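Computed over heavy atoms, backbone and side chain alike; hydrogens, waters and symmetry mates excluded. Keep in mind the model is a prediction, meaning the values are calculated, not measured.
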Amino acid sequence: MTLIDEELVRVDVNAATCALYGLERERLIGGRVDGMLLGGRLPDTVPTWDAVVSTGAGTGEAVVVRPDGTHIDVEFAAQAGLIEGRPLVLVVVTMVDEEDPLAADEPADAPLTAREHEIVRRLALGLTSREIAGEMVLSHETVRTHVRNAMGKVEARTRAQLVAIALARRVLTPSG
């Protein structure tokens, strides 16, 4: 997860973002998000800051260029909001290309089931259990059970921590 300001500068990042970029937190904060994208600019598949802020959310695709020169295709979801009166956008990478050199074939932890994977991916997009249940034609309680099971597998205490841990440990992968 990355928190960015109106100048597209990273205000904060989590461990999953550090792992994705292959850099320490201190080296990422204060840098522009487009500085590590292919071509050094936001691609057309990325909604503009104004579009995300005006609609409150957005999704897109980009190619991240890591310091070692490898390219990683990512899909992301963005959510705008005011924090202490300051407009900021929270960006969560929801999918990482299977060619991602950081992604393991088999996670060290118990892997999520296909259903748990899909539910955690939708949580990362900001959907509620009821919305997930509606989209996946499941009962609300079934979704809650899958979330609880996934949280147990990665030892998460909250849903936000579940998403962050799943991304950081590469438990949440496109092939999941």
**Student:** What are the two closest heavy atoms between Ala124 and Ala77, and how far apart are they?
**Tutor:**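 That closest heavy-atom pairing would be O-CB, 4.5 Å.
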**Student:** Can you tell me if Thr145 and Thr142 form a side-chain donor-acceptor pair at under 3.5 Å?
**Tutor:**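 Checked: Thr145/Thr142 side chains show no N/O donor-acceptor pair below 3.5 Å.
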**Student:** Please answer: with hydrophobic residues joined when any side-chain heavy atoms are less than 4.5 Å apart, are Ile83 and Val92 in the same cluster?
**Tutor:** yes
**Student:** Which atoms form the tightest heavy-atom contact between Cys18 and Val13, and what is the distance?
**Tutor:** SG-CG2, 3.9 Å
**Student:** Apart from Leu125 itself, which Ile, Leu, Val, Met, Phe, Trp or Tyr residues share its cluster (side-chain heavy atoms under 4.5 Å, direct or through members)?
**Tutor:**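 Grouped by the 4.5 Å side-chain rule, Leu125 forms a cluster of one, so the answer is none.
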**Student:** Would you kindly check if the NZ (Lys) or CZ (Arg) of Arg10 is within the cone defined by 45 degrees around the ring axis of Tyr21 and under 6.0 Å from the six-membered ring centre?
**Tutor:** yes
**Student:** Evaluate side chain to side chain contact (heavy atoms under 4.5 Å, CB included) for Leu23 paired with Met36, printing each intermediate quantity in order.
**Tutor:** CA-CA 11 Å; Leu23 291 170; Met36 292 185 75; 3.7 Å; yes
**Student:** Nearest 0.5 Å please: distance from the NZ atom of Lys153 over to the CG atom of Leu162.
**Tutor:** 11.0 Å
**Student:** Please answer: with hydrophobic residues joined when any side-chain heavy atoms are less than 4.5 Å apart, are Leu8 and Val63 in the same cluster?
**Tutor:**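 Looking at the clustering, Val63 is in a separate group from Leu8.
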**Student:** If you look at every heavy atom in Glu7 and Arg32, which pair is closest and at what distance?
**Tutor:**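 The answer is O-NH1, 2.6 Å.
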**Student:** With rounding to the nearest 0.5 Å, note down the distance linking NE2 in His146 to CD in Glu116.
**Tutor:** 7.0 Å
**Student:** Using modelled atom types and a 3.5 Å cut-off, is there a donor and acceptor pairing between side-chain atoms of Asn14 and backbone atoms of Met1?
**Tutor:**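 Side chain of Asn14 to backbone of Met1: a pair is present.
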**Student:** Write out all pairs satisfying salt bridge (Lys or Arg N to Asp or Glu O under 4.0 Å) with one or both partners inside residues 132-150, taking only residues at least two apart or from two chains.
**Tutor:** Arg122-Glu135, Glu141-Arg144
**Student:** Could you pull out the closest heavy-atom pair between Leu112 and Ala150, with the gap in Å?
**Tutor:** CD2-CB, 3.8 Å
**Student:** So do the side chains of Asp50 and Glu6 get within less than 4.5 Å of each other, counting heavy atoms only?
**Tutor:**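 Side chain of Asp50 against side chain of Glu6, heavy atoms only: no contact under 4.5 Å found.
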**Student:** Under the criterion side chain to side chain contact (heavy atoms under 4.5 Å, CB included), I'd like the reasoning laid out for Val64 against His71: C-alpha separation, chi angles, the key distance, then a yes or no.
**Tutor:** CA-CA 6 Å; Val64 172; His71 294 188; over 6 Å; no
**Student:** Quick check for you: to the nearest 0.5 Å, what is the distance between Leu88 atom CG and Thr2 atom OG1?
**Tutor:**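 Rounded to the nearest 0.5 Å, the CG-OG1 separation comes out at 12.0 Å.
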**Student:** Run the side chain to side chain contact (heavy atoms under 4.5 Å, CB included) check on Asp5 and Arg86 step by step: do they pass?
**Tutor:** CA-CA 8 Å; Asp5 68 12; Arg86 182 178 180 192; 3.1 Å; yes
**Student:** To the nearest 0.5 angstrom, please state how far the CD atom of Gln161 sits from the CD atom of Glu155.
**Tutor:** 9.5 Å
**Student:** Judged by modelled atom types alone, do Thr17 and Arg25 share a side-chain donor-acceptor pair under 3.5 Å?
**Tutor:**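 Distance-only check fails for Thr17 and Arg25.
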**Student:** Checking side chain to side chain contact (heavy atoms under 4.5 Å, CB included) for the pair Arg66/Ile72: CA distance, chi angles, key distance, verdict?
**Tutor:** CA-CA 8 Å; Arg66 297 185 73 234; Ile72 303 171; 3.1 Å; yes
**Student:** Linking I/L/V/M/F/W/Y whenever any side-chain heavy atoms sit under 4.5 Å apart, do Ile29 and Val33 land together?
**Tutor:**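 Same hydrophobic cluster.
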**Student:** If you take all heavy atoms of Leu123 and Ile132, which pair is closest and at what distance?
**Tutor:**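 Looking at all heavy atoms of both residues, the shortest contact is CD2-CD1, 3.8 Å.
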**Student:** Tell me whether Val65 shares a hydrophobic cluster with Val91, the cluster being built from Ile, Leu, Val, Met, Phe, Trp, Tyr side chains joined at under 4.5 Å.
**Tutor:** no
**Student:** So which atom in Gln79 and which in Gly56 form the shortest heavy-atom distance, rounded to 0.1 Å?
**Tutor:** NE2-O, 2.8 Å
**Student:** Counting distance only, does the side-chain N/O of Glu118 pair as donor-acceptor with the main-chain N or O of Arg115 below 3.5 Å?
**Tutor:** no
**Student:** Do Ile119 and Met136 come within less than 4.5 Å of each other through their side chains, counting heavy atoms only?
**Tutor:** yes
